[in-house]
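To start, the structure under review is shown below, and the notes come after it.
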Amino acid sequence: QVQLVESGGGLVQPGGSLRLSCVAPTTIFEIHRMAWHRQVPGKQRELVAVMSSRGDTNYADSVKGRFTISRDNSKNTVYLQMNSLKPEDTAVYYCAAARPLTTWPPRDYDYWGQGTQVTVSL
């Protein structure tokens, strides 16, 4: 089973910043679209940002201008830089990988991380 290893979640005050990281196996990272999703208990999971292996990106309207997805191919790592955090950003954040044969932006993802809690609160 492929494991995506996440880190960087935690508690931050409104207006603060966090950077999430997710490391994927090389064979997956090289060709897959990498994404960040988030989910609040009782609500549907939301796509936050996705980046293709060639650098194309898509963002949820709610995070545009505040969040940035990036990937470091030498480290097999995808990042989500989150700035100007708001209480409504509180959620469990998941990284995921979509095979290149899927549509763009991807709708189905093949691999998921375990999730990391991000809490934005005073």
> Between Asp89 and Lys86, is a salt bridge (Lys or Arg N to Asp or Glu O under 4.0 Å) present by the stated rule, with each step listed?
Replying inline: CA-CA 5 Å; Asp89 295 318; Lys86 305 174 180 179; over 6 Å; no
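- By the neighbour-count criterion of 12 heavy atoms within 6.0 Å, atom CD of Gln13 is sparsely surrounded, having that number or fewer from other residues, nucleotides or ligands.
- Applying the disulfide bond (SG atoms under 2.5 Å apart) rule to pairs touching residues 23-65 yields nothing, sequence neighbours excluded.
- Residues Ser53 and Arg71 are in side-chain contact: their nearest non-hydrogen atoms beyond the backbone lie under 4.5 Å apart.
- Hydrophobic clustering, defined by side-chain heavy atoms of Ile, Leu, Val, Met, Phe, Trp and Tyr closer than 4.5 Å, groups Val78 together with Val12, Leu18, Leu20, Phe29, Met34, Trp36, Val48, Met51, Tyr59, Val63, Phe67, Ile69, Leu80, Met82, Leu85, Tyr93, Val118, Val120.
- Applying the side-chain contact (heavy atoms from CB on, under 4.5 Å) rule to Thr103 yields the partners Arg107; only residues at least two apart in sequence or on another chain are considered.
- Through direct or indirect side-chain contacts shorter than 4.5 Å among Ile, Leu, Val, Met, Phe, Trp and Tyr, Tyr79 is connected to no other residue.
- Residue pairs meeting the disulfide bond (SG atoms under 2.5 Å apart) criterion with at least one partner in residues 34-72, sequence neighbours excluded, are absent.
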>> Run the side chain to side chain contact (heavy atoms under 4.5 Å, CB included) test on Ser62 and Glu46 for me, step by step, so that the C-alpha distance in whole Å, both residues' side-chain angles and the decisive distance to 0.1 Å come before the verdict.
In response: CA-CA 11 Å; Ser62 59; Glu46 173 191 23; 3.5 Å; yes
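- Judged by distance alone, with hydrogens and angles left aside, the side-chain atoms of Arg38 form no donor-acceptor pair with the main-chain N or O of Thr90 at under 3.5 Å.
- In this structure, Arg33 contributes its side chain and Ala98 its backbone to no donor-acceptor pair below 3.5 Å.
- The list of disulfide bond (SG atoms under 2.5 Å apart) pairs with a residue in residues 58-122, not counting sequence neighbours, reads Cys22-Cys95.
- Among pairs with a residue in residues 36-71, none fulfils disulfide bond (SG atoms under 2.5 Å apart), at least two apart in sequence or across chains.
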>> Please evaluate residues Thr26 and Asn76 with respect to the criterion side-chain hydrogen bond (donor to acceptor under 3.5 Å, both in side chains), reporting the C-alpha separation (whole Å), side-chain torsions for both, the decisive distance (0.1 Å), and the verdict.
In response: CA-CA 6 Å; Thr26 300; Asn76 297 335; 2.5 Å; yes
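- For Ser17, the side-chain contact (heavy atoms from CB on, under 4.5 Å) test picks out Gln81, Asn83, with sequence neighbours left out.
- Cluster partners of Trp112, using a side-chain heavy-atom cutoff of under 4.5 Å among ILVMFWY residues and allowing indirect links, are Leu47, Val50, Val92, Tyr94, Trp104, Tyr109.
- In this view, Tyr111 and His32 satisfy the ring pair (Phe, Tyr, Trp, His ring centres under 6.0 Å) rule, not counting sequence neighbours.
- Among residues two or more places apart in sequence or in another chain, the side chain to side chain donor-acceptor pair (under 3.5 Å) test is passed with Ser121 by none.
- For Val5, the side-chain contact (heavy atoms from CB on, under 4.5 Å) criterion is met by no residue, not counting sequence neighbours.
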